[in-house]
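In the text below, chain A, chain B and the rest are named by the order of the sequence lines, each starting its count at 1.
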Amino acid sequence: MNNYLEQLNKEQTKAVRHIDGPLMVIAGAGSGKTRVLTYRIIHLLKNKINPYNILALTFTNKAAKEMRRRIENFVGISLANNLWMGTFHSVFARILRFEADKINYPSNFTIYDTEDSKNLVKSIIKDLNLDKETYKVGIIRNRISALKNNFITSETYHKSNDLMQADIISKRTEFGKIYQTYENRCKKSSAMDFDDLLLKTYELLSIHADTLIKYQEKFKYILIDEYQDTNQIQYLIIKKLAALYENICVVGDDAQSIYSFRGANIQNILNFKLDYPDYKTYKLEQNYRSTATIVEAANGLIKKNEKQIRKEVWTHNKQGEKIIVAQTNSDNDEGRLVANTLFDIKMNNDELYKDFTILYRTNAQSRPLEEALRRKNIPYKIYGGLSFYQRKEVKDLLAYFRLTVNPNDDESFKRIVNYPARGIGATTIQKINIVANESNKSLWEVVNSIENYNINLNKGTLNKISNFSLMINDFIIQNNQKNAYDIGEEIANKSGLFHHLYNDKTPEGISRFENMQELLNGLKDFCENNENNNLTNFIQDIALLTDQDNEKDTDFNKVTLMTVHAAKGLEFPYVFVVGLEENLFPSMMSGESQEDMEEERRLFYVAITRAEKRLFLSYANTRFRWGQFIDCRESRFLNELDENLLDKKDFNIQKKYNIYTKTKKQNSTYKNTTQNIFKNRRLKKLSSTNHQNHNQSNEKIVNGVIVKHAKFGKGKILNIEGDGANKKATVFFEGIGQKQLLLKFAKLDIIS
DNA sequence: ACCTCAAACATTTTT
DNA sequence: TGTTTGAGGT
């Protein structure tokens, strides 16, 4: 397999063959960016570079996994496995665990996800007796995160008059105090949030010269994907690591920079020239992905942005069909239109479901689309939104795991100390919390030696607390002896979580129970596939995983639904971009600022350049948002596309409703009437389709019928209540007992 | 301490 | 529309 260079064009080949010295590749959408990166690594390996000396940073874990797989095909598994490849966060977490003692952290530190960190901010605001209207949790947390991403610790913050002045103006004078407390609490919980993984890495490399040299020597070759989306602190780390050898290769496209909200800075691309004066740069401008129509439309759109590096993306691909732009009456109509169109194309052209994707600006838009797809029995999967590991019941069990591995993790402690209820209520926790804060200890440290503290608690409560301590200590001891699955199962049982969820026979409760089992199954898998299969190892990077990372085989051939952000780096033959309305795409949050608008435009650029064969754009005249019907106007971006490339279709069948919407300003009662009309129509549609949607077999499920359930086995129907989507069956299963199931979800086969 | 229900609230985008 | 919070009852 030495022919890898033959598969590249001239510019790509130059980039791949450039081994020594700084290199910047500006790669237009669909120009083979990933291919260059992959082949460059293969080229390095073929030139006897040790894989142990190569660091490749990607934007998602999935991208890293995919790249490793491709490299493996060329150089074999043993070389490929020794590459350091992953996201900034996961690679640095690995380094930090290894070097933890140098920054006074234990190596089993916990990674707080966004929810944990929000909860922490919330409790700090409460402890400091601050007004929660002035100090909104989200705003505070975002500010902390933004500061960290610019390498501003609470210490640096307190030295900067400008920063403090900004908080005085916004009447949040205590922000500095909150930030400092936040840092302290994380520290005493032995926890790091996402931003800390970057910040502490930078601190580690700054303070310990020997450690810096060690990693500079180790990572002789550094490659970074999606460089346009790196932020200040990532830039600083890379600069340090690459300083010795300067074998740094960055690949990116300024036109696809869409993460400035999390601190990404396009300036990093421009700085490259300054930091590495003897750099080489190549531009990849030939698009291999899309039809000429799509490439031309994308070029025309991005020209409207003032801030950009000049480049002309071109293609040899055939012209292809025009881009469909469809207008519908409502978001539900839009969903139906997409589902119908998708289905027709699949059937007529004999395509696979996996060749289609539906992209939207916000996660909340997925509902009407899902409904429409379900109605047509089109299989789909959703990326983003609540991932499996963020579900309440999963996080509850994970909190026990986390506490076992790191008992100082206060957020996990608070989560489960009284769940399931064991009589340690809010008042008790508050008392413990005060003592913990005063003595700068974690909640666990206080609880674990409660007799040493003078807390006003009655005997019963003390007893309950000591039982809790005994349980956790037992978990900690067992964790040193057992594998992840065995201790996981033990924890689920002894904590009472298993029985608590098992006893909840509501349909939602059953689903929660199943999710918990799913997590335990995950532990089993982990144990079978890993040598070092203890629980500590299992939970290490769980906070960094997304649904995309643990995709199941059964999800392979399904339509993909996701935000445009999540679609970055992916490509599909057929792409639907929905919700192209003012205040949605571009987002209303982007306001009037030119910079934000340009980012929204880049986001739309990313969306349309995902398409290989055909592109469909759509918008609705009314959309259900915030529990209300909102009138919408078509997005300005649609008018920025070359009209000769578009095929506009109007699916706005019932125009008469527009008569009302046009006069809404003058008369509010009109608006209410319109809303009611829509609401009633919506309800009617829902109930009628639910009847259609019911498979005939569900009609046959009546009292006394014997059925079979995939998990629970044979059972007898005792009662049926509700109708339509809410039709619920009470079933008695042999050896398991009585359960309530929503027929909508439960897969019941009729036996007799 | 715990449960229940009604009112208030909330929406970018993510590692 | 769905979820979270707070008051009030047990």
Short side-chain donor-acceptor distance under 3.5 Å, Tyr619(A) and Glu582(A): no

Is it the case that [X] places NZ or CZ above or below the six-membered ring of [Y], under 6.0 angstrom from the centre and within 45 degrees of the axis?
X: Lys187(A); Y: Tyr105(A); answer: yes
X: Arg602(A); Y: Tyr605(A); answer: no
X: Lys392(A); Y: Tyr419(A); answer: yes
X: Arg422(A); Y: Phe468(A); answer: no

Using a cut-off of less than 4.0 Å, is there contact between a side-chain N or O of [X] and OP1 or OP2 of [N]?
X: Thr427(A); N: dA1(B); answer: yes
X: Lys122(A); N: dT5(C); answer: yes
X: Ser90(A); N: dT15(B); answer: no

Under 4.0 Å protein heavy-atom contact, by nucleotide of nucleotides 8-13 of chain B - B base, S sugar-phosphate only: --BBBB

Touch class at under 4.0 angstrom, heavy-atom based, for Thr60(A) against every strand present: nothing

Sugar-phosphate, base or nothing in reach of Asp195(A), heavy atoms under 4.0 Å: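 Answer is nothing: Asp195(A) stays at 4.0 Å or more from every strand.
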
Whole-Å distance between [N] [atom2] and [X] [atom1]?
X: Lys392(A); N: dG2(C); atom1: NZ; atom2: P; answer: 20 Å
X: Asn142(A); N: dT15(B); atom1: CG; atom2: P; answer: 15 Å
X: Ile630(A); N: dT1(C); atom1: CD1; atom2: P; answer: 14 Å
X: His89(A); N: dT15(B); atom1: NE2; atom2: P; answer: 9 Å
X: Leu457(A); N: dA1(B); atom1: CG; atom2: P; answer: 9 Å
X: Tyr383(A); N: dT14(B); atom1: OH; atom2: C1'; answer: 16 Å
X: Lys200(A); N: dT15(B); atom1: NZ; atom2: P; answer: 22 Å
X: Tyr389(A); N: dT14(B); atom1: OH; atom2: P; answer: 19 Å

From CA spacing to verdict: side-chain hydrogen bond (donor to acceptor under 3.5 Å, both in side chains), Thr427(A), Gln430(A): CA-CA 5 Å; Thr427(A) 323; Gln430(A) 190 48 35; over 6 Å; no

Stepwise salt bridge (charged side-chain N to carboxylate O under 4.0 Å, His left out) test for Arg415(A) and Asp116(A): CA-CA 10 Å; Arg415(A) 193 174 180 106; Asp116(A) 298 320; 5.3 Å; no

Same-atom distance (P) from dT13(B) to dT4(C), integer angstrom: 16 Å

Distance, P atom - from dT11(B) to dG6(C), rounded to whole angstrom: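 Approximately 16 Å lies between the P atom of dG6(C) and that of dT11(B).
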
Any donor-acceptor N/O pair, Thr357(A) side chain to Thr560(A) backbone, under 3.5 Å: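 Yes; at least one donor-acceptor contact below 3.5 Å.
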
Exam field: side chain Ser366(A) to backbone Asn363(A), donor-acceptor pair closer than 3.5 Å: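 At least one qualifying donor-acceptor pair exists.
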
Which atoms of nucleotides 6-10 of chain C (N or O only) lie under 3.5 Å from a protein N or O atom, and what are those distances?
{"residue": "dG6(C)", "atom": "OP1", "partner": "Lys132(A)", "partner atom": "NZ", "Å": "2.5"}

Criterion side-chain hydrogen bond (donor to acceptor under 3.5 Å, both in side chains) on Tyr182(A) and Asp193(A), from CA distance to verdict: CA-CA 10 Å; Tyr182(A) 182 89; Asp193(A) 64 17; 2.8 Å; yes

